[in-house]
Amino acid sequence: MATFSGGGDKNEATERHAHVVGWGMAVPESALTNEELSTFVETSDEWIFARTGIRQRYIADEGESTATLAYKAAQQALEVADILPTDLDLIVVATSTPENIFPSTASLVQDWLNAHDAGAFDLSAACSGFVYALNMAADSIRAGSIQSALVIGAETMSRILDWQDRSTCILFGDGAGAVVLQASEVPGGVLSSVLRSDGAGSDLLGIPSVGSIDADDSRASSNGAKLYKMYMAGSEVFRFATRVISESIEQTCTAAGIQVNDIDLVIPHQANLRILQAAARKLGLDADKFMSNVERYGNTSAASIPIALCEAIEQKRVQDKDHIALVGFGGGLAWAAMLIRWGVPEPSEQHGSMFNRQRRHVQYRIAKWRSRSRRWRRRVNRKVREIRV
Ligand code: ACO
């Protein structure tokens with residue numbers, strides 16, 4: 001059970017480390033290629049690929065949403081970690097495209113998983129959101145207030161794009177990635193993080209929406225951008241991104257007491273291949289040390305880092321004891337870097353894989369039944385109260 005009070009647990013374990021023990025990703029069924037895009041937007045495959053490195057992106061269909069993608073990625077991460085949803089203390093979903101302002105997307109995922117002992121909330125830090133969320137969860141683990149957390153980056157960017165604006169709609173895609181973080185006495189895991197923001201750049205990149213500033217949806221945003229549609233000053237964001245990637249990676253290395261050259265793999269936010277190449281040059285690192293899959297997914301905002309991490313693991317680019325740097329940057333402006341020493345502690349003996357897989361599936365079914373029956377009970381109770389009055 002998540003307590004967040006610090007309290008008793010903290011003194012029992014002297015050294016606690018937060019390790020990534022599970023990972024998973026999900027993308028929609030349908031891909032949209034540059035050629036297909038160029039049939040309804042004035043652009044071309046050559047322009048998009050040369051300026052960004054993107055060839056295609058995945059677009060959610062009617063039945064898919066930020067929460068359904070997050071749920072799929074979460075199920076995979078729980079399989080790899082081989083833990084039960086009921087073992088989770090915390091679920092954080094980093095997203096700029098939540099299902100609602102509230103309830104949080106994390107609460108929906110919590111319900112669908114039957115993770116009934118977990119606290120759940122969404123975190124908004126645009127493309128840096130996943131690293132922010134991972135840092136919050138790792139700190140809670142290291143402080144002793146929780147044992148395990150599910151951290152998800154999930155987006156349906158296609159729903160907030162202005163499909164007539166060729167300078168933004170060609171860049172983004174939909175998807176979700178998730179990791180399970182767990183407490184361990186094995187040294188390593190999350191070593192250091194750097195979280196930064198510069199709100200003076202808030203006009204460079206955003207999605208104007210109705211909020212507490214003005215509840216009137218006829219309001220036009222201050223820079224003339226359409227409500228609920230993304231706007232971006234691309235070249236300024238480009239310059240900002242190349243600067244903060246190198247700066248924040250250097251800072252997180254210093255905080256962890258290692259040299260930039262000791263980094264084995266950088267898993268950056270996948271915005272634009274040229275940004276990653278420029279950042280690698282600035283850091284004096286080989287461009288091969290930067291994981292990139294932007295070609296196939298485009299920019300999936302908060303989902304891009306966990307998706308790239310999953311693919312790096314699948315491609316065997318992540319080995320035990322490797323130093324992995326994560327770095328996110330984007331709207332806010334906000335940016336964040338994290339250094340991890342990879343090392344998945346041995347799964348504990350109580351987790352028999354086959355048995356647990358069945359138990360997880362039973363829990364997912366129970367979750368559906370429990371949710372429906374609770375809603376049904378509330379409806380019946382309301383009716384009974386109405387009849388009595
Ligand atoms: N197809 C064809 N031509 C285009 C397109 C397009 N899709 N988009 C713009 N152009 C044209 C422009 O109109 C312009 O024409 P002009 O010279 O006649 O005026 C020309 O191409 C150059 O436009 P630029 O905007 O200067 O192109 P640039 O090389 O800067 O590339 C891009 C644009 C890809 C958006 C780049 O600036 C970029 O990647 N920026 C950073 C994005 C980013 O990192 N975002 C991170 C965070 S996202 C988040 O937080 C949600």
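Start at 1 and go down the list; that is how both ligands and their atoms are numbered. Source: prediction; values computed, not measured.
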If the cut-off is 4.0 Å to any non-hydrogen atom of [X], which atoms of ligand 1 fall inside it?
{"X": "Met230", "result": "51 (C)"}
{"X": "Ile275", "result": "41 (C), 44 (O)"}
{"X": "Asn299", "result": "48 (S)"}
{"X": "Met232", "result": "42 (C), 45 (N)"}
{"X": "Val237", "result": "43 (C), 44 (O), 45 (N), 46 (C)"}
{"X": "Arg274", "result": "29 (O)"}
{"X": "Arg51", "result": "22 (C), 27 (O), 28 (P), 29 (O)"}
{"X": "Thr52", "result": "34 (C)"}

Donor-acceptor side-chain pairing of [X] and [Y] below 3.5 angstrom:
{"X": "Asp89", "Y": "Gln147", "value": "no"}
{"X": "Ser184", "Y": "His17", "value": "no"}
{"X": "Glu35", "Y": "Ser38", "value": "no"}

Nearest atoms (heavy-atom pairs only) where [X] meets [Y]:
{"X": "Arg360", "Y": "Glu79", "result": "NE-OE2, 2.8 Å"}
{"X": "Ala308", "Y": "Gln270", "result": "CB-NE2, 4.0 Å"}
{"X": "Leu205", "Y": "Gly331", "result": "CD2-N, 3.2 Å"}
{"X": "Ile141", "Y": "Ser148", "result": "CD1-CA, 4.4 Å"}

The side chain to side chain donor-acceptor pair (under 3.5 Å) partner of Thr156 among Thr66, Thr95, Asp174 is Thr66

So among Thr33, Thr300, Asn299, Asn34, which one has a side chain to side chain donor-acceptor pair (under 3.5 Å) with Arg57? Asn34

Has Glu386 got more than 12 heavy atoms of other residues, nucleotides or ligands less than 6.0 Å from its CD? yes

Is [atom] touching the protein, meaning some protein heavy atom lies under 4.0 Å away?
{"atom": "atom 27 (O) of ligand 1", "value": "yes"}
{"atom": "atom 39 (O) of ligand 1", "value": "yes"}
{"atom": "atom 15 (O) of ligand 1", "value": "no"}
{"atom": "atom 19 (O) of ligand 1", "value": "no"}
{"atom": "atom 4 (C) of ligand 1", "value": "yes"}

When you group the ILVMFWY residues by side-chain heavy-atom contacts below 4.5 Å and let the links chain together, are Val266 and Ile307 in the same group? no

Please work out, at 4.0 Å between heavy atoms, whether the side chain, the backbone, both, or neither of [X] comes within that distance of ligand 1.
{"X": "Trp47", "result": "side chain"}
{"X": "Asn272", "result": "side chain"}
{"X": "Thr168", "result": "neither"}
{"X": "Ile48", "result": "neither"}

Measure from atom 49 (C) of ligand 1 to every heavy atom in Ala126, Gly330, Cys127 and give the option owning the shortest one. Cys127

Relative to atom 6 (C) of ligand 1, which among Leu205, Thr43, Thr97 owns the nearest non-hydrogen atom? Thr43

Minimum-distance protein heavy atom relative to [atom]:
{"atom": "atom 12 (C) of ligand 1", "result": "Arg166 NH2, 3.9 Å"}
{"atom": "atom 30 (O) of ligand 1", "result": "Ser235 CB, 4.0 Å"}
{"atom": "atom 41 (C) of ligand 1", "result": "Gly234 O, 3.5 Å"}

Do Thr97 and Glu155 pass the side-chain hydrogen bond (donor to acceptor under 3.5 Å, both in side chains) test, and can you show the C-alpha distance, the side-chain angles, and the key distance before you say yes or no? CA-CA 5 Å; Thr97 50; Glu155 304 280 12; 2.6 Å; yes

Would one find an N or O of Gly331, backbone or side chain, under 3.5 Å from an N or O of ligand 1? yes

Should the ring pair Trp23 and Trp342 be called parallel, tilted or perpendicular, given that the plane angle runs from 0 to 90° and is split at 30 and 60? tilted

